[in-house]
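Note that these values count all heavy atoms, side chains included, but never hydrogens, waters or copies made by symmetry.
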Amino acid sequence: MRKALVLVLLFGSIPLFCLVRTLFTAASPTHTHTLPLTPTTSNLSAPPNVWGSNRFLMVCVAYGRHNNQLIALAKAYSIAYHTNRTLILPMFFQKRTGFNAVESFYDVFDGPVAVVTLAAFMAHYGTREWKDSLCVDYDRQCKGLQYVTCGGHVHTHVRDANVFARSLAGPQPMLVMGGQNTFLANVPHWPCMYHHLKLKPTLQHNVTQFIHTRLQPRYAAVHLRFFENKCELLAARQAKALQSHEMRSMDVRQMCAMQPQYFRQFWNTSGHYFVAHDHQSPKSRYNLLAADGVIFLRSDAIPDLHALLIEFWLCVDAEVFVGNSFSTMSLNICAVRRARGKPCANMDPIFDKYPCFPHPDLGRHYAPEIPSN
């Protein structure tokens with residue numbers, strides 16, 4: 001039986017937005033891409049007019065914290081390209097600050113995917129009802145979406161990325177995807193949003209200023225992730241998964257401990273170390289690192305998400321980065337670095353197999369779809 005749902009994104013009882021009902025008539029897409037769905041970076045076509053196709057993808061990314069949501073957005077970016085849809089930029093959610101528009105922090109408009117902000121979408125379509133939409137398990141996470149009639153459902157339990165992308169390329173004018181299922185989905189690795197992801201100028205200024213005043217042009221960055229004291233357990237699971245994939249081994253437990261003797265093996269010069277962290281480790285650990293000469297971002301006067309983004313891009317800009325391969329923040333940092341031609345000192349084996357989307361669900365044995373250049 002069809003479900004009618006209002007396009008209002010809620011977290012609990014907090015409304016995010018509402019698209020009031022109208023009548024919508026599906027139109028044929030004005031731009032198409034030639035299969036196979038794994039193009040090389042050289043043949044990605046330029047983005048079409050955002051309103052030209054009357055075909056859209058709306059993704060609810062409110063699953064996990066910021067870096068989980070960023071991965072869901074990156075995967076939606078790929079799906080939008082392969083289904084000839086315009087991507088409606090969603091809202092990020094953070095418990096302390098609520099909802100924030102993606103374009104408040106990032107610029108992803110310079111790439112092969114047609115992108116429109118939620119505000120522009122609402123202003124353009126105002127009061128239209130979206131009928132016979134295609135829904136990907138979204139109602140598990142986005143139960144506040146209404147006035148969308150789901151004419152069909154697709155589940156993401158598909159191991160083949162091309163098969164999954166084709167299943168979403170139907171004639172429905174609106175494709176709606178849930179955050180958790182998008183985060184876990186296996187999608188084509190090109191186009192890779194991380195090649196086109198830019199920090200907004202105001203935040204980039206904070207990053208540049210910190211480098212000039214506290215660091216130096218050549219510095220190393222380390223990400224310390226404690227995982228609520230579960231890092232060792234998670235590391236053991238990932239080490240086993242890496243072995244099952246016949247991937248090059250990584251010392252995952254050392255990434256949890258992140259002792260100076262570990263990360264200094266990747267940067268043996270006298271340059272500065274910057275440490276991004278999750279504020280969960282014992283205070284004695286930070287004191288030990290400070291005594292070893294590392295530099296932290298004092299973020300008391302900076303909003304939480306802004307501080308996280310400054311730390312993130314300080315790690316991106318570093319000459320050497322040492323991260324934790326089970327952290328989505330470390331993996332996103334590496335994805336951006338690899339897109340810019342920079343290595344990740346201790347995590348490259350994952351990206352040798354999964355070049356765009358970090359945090360593969362290793363237990364599912366997904367085979368990434370990668371173009372041959």
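Put simply, the side chain of Leu314 reaches to within 4.5 Å of the side chain of Leu215, judged on heavy atoms. With contacts defined as side-chain heavy-atom distances shorter than 4.5 Å, the pair Met255/Tyr262 qualifies. In this structure, Val207 and Phe210 have side chains that are not in contact, with every pair of non-hydrogen atoms separated by 4.5 Å or more. Using a 4.5 Å heavy-atom cutoff, the side chains of Trp267 and Arg218 are in contact. Counting heavy atoms from C-beta on, the side chains of Phe312 and Val336 come closer than 4.5 Å. Within the 4.5 Å cutoff, the side chain of Tyr77 has no heavy atoms near those of the Val187 side chain. Counting only heavy atoms from C-beta outward, the side chains of Ile333 and Lys342 never approach each other to under 4.5 Å. Within the 4.5 Å cutoff, the side chain of Thr182 has no heavy atoms near those of the Tyr63 side chain.
The CG atom of Leu224 sits 10.5 Å away from the OG atom of Ser327 when rounded to the nearest 0.5 Å. A distance of 12.0 Å separates CD in Gln204 from CG in Asp107, rounded to the nearest 0.5 Å. For the atom pair CZ of Phe183 and CG of Leu73, the computed distance is 13.0 Å after rounding to the nearest 0.5 Å. A distance of 13.5 Å separates CZ in Phe296 from OH in Tyr273, rounded to the nearest 0.5 Å. Taking CG of Asn67 as the start and CG of Leu309 as the end, the distance is 8.5 Å to the nearest 0.5 Å. The distance from atom NE2 of His223 to atom NE2 of His277, rounded to the nearest 0.5 Å, is 9.5 Å.
Under the 3.5 Å distance criterion, the side-chain polar atoms of Asn162 are left unmatched by any main-chain donor or acceptor of Pro188. A donor-acceptor pair under 3.5 Å is absent between the side-chain atoms of His189 and the main chain of Ser78, judged by distance alone. Here the side chain of Gln69 pairs a donor or acceptor atom with the backbone of Gly64 at under 3.5 angstrom. The backbone N or O of Ile295 lies less than 3.5 Å from no partner atom in the side chain of Arg214, so there is not a single donor-acceptor pair.
Scanning all heavy atoms of the two residues, the minimum distance from Arg55 to Thr83 falls at NH2-O, 2.7 Å. The minimum heavy-atom distance linking His82 with Ala165 is given by the pair CB-CB, 4.2 Å. Contact between Arg85 and Leu168 at its shortest, heavy atoms only, is NH2-O, 3.3 Å. For Ser330 against Asn324, the heavy-atom pair with the smallest separation is OG-N, 3.0 Å. Nearest approach of Ala221 to Ala318, heavy atoms of both residues: CB-CB, 3.6 Å. Of all heavy-atom pairs between Glu103 and Leu89, the closest is OE1-CD1, 3.9 Å.
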Please step through side-chain contact (heavy atoms from CB on, under 4.5 Å) for the pair Val222 and Val294, ending with a clear verdict.
CA-CA 9 Å; Val222 174; Val294 305; over 6 Å; no

Which is it for Ile88 and Met174 under the side-chain contact (heavy atoms from CB on, under 4.5 Å) test, yes or no, and what are the steps along the way?
CA-CA 10 Å; Ile88 304 168; Met174 178 67 76; 4.2 Å; yes

When you look at Tyr194 and Arg340, which way does the side-chain contact (heavy atoms from CB on, under 4.5 Å) test go after all the steps?
CA-CA 9 Å; Tyr194 298 100; Arg340 297 182 173 198; over 6 Å; no

From CA spacing to verdict: side-chain contact (heavy atoms from CB on, under 4.5 Å), Arg65, Thr328:
CA-CA 9 Å; Arg65 287 180 280 194; Thr328 53; over 6 Å; no

Could you please spell out the steps behind the salt bridge (Lys or Arg N to Asp or Glu O under 4.0 Å) verdict for Arg337 and Asp348?
CA-CA 11 Å; Arg337 287 178 61 87; Asp348 279 335; over 6 Å; no

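Aromatic ring orientation, Phe99 versus Phe93: tilted (interplanar angle from 30° to 60°). In this structure, Phe92 and Tyr106 have perpendicular ring planes: the angle between them is above 60°, well past the 30° mark.
If you look at His196 and Phe109, their ring centroids are not closer than 6.0 Å.
In summary, of the residues considered (Val108, Ile79, Val113, Val102), a side chain to side chain contact (heavy atoms under 4.5 Å, CB included) with Leu87 occurs for Val113 alone.
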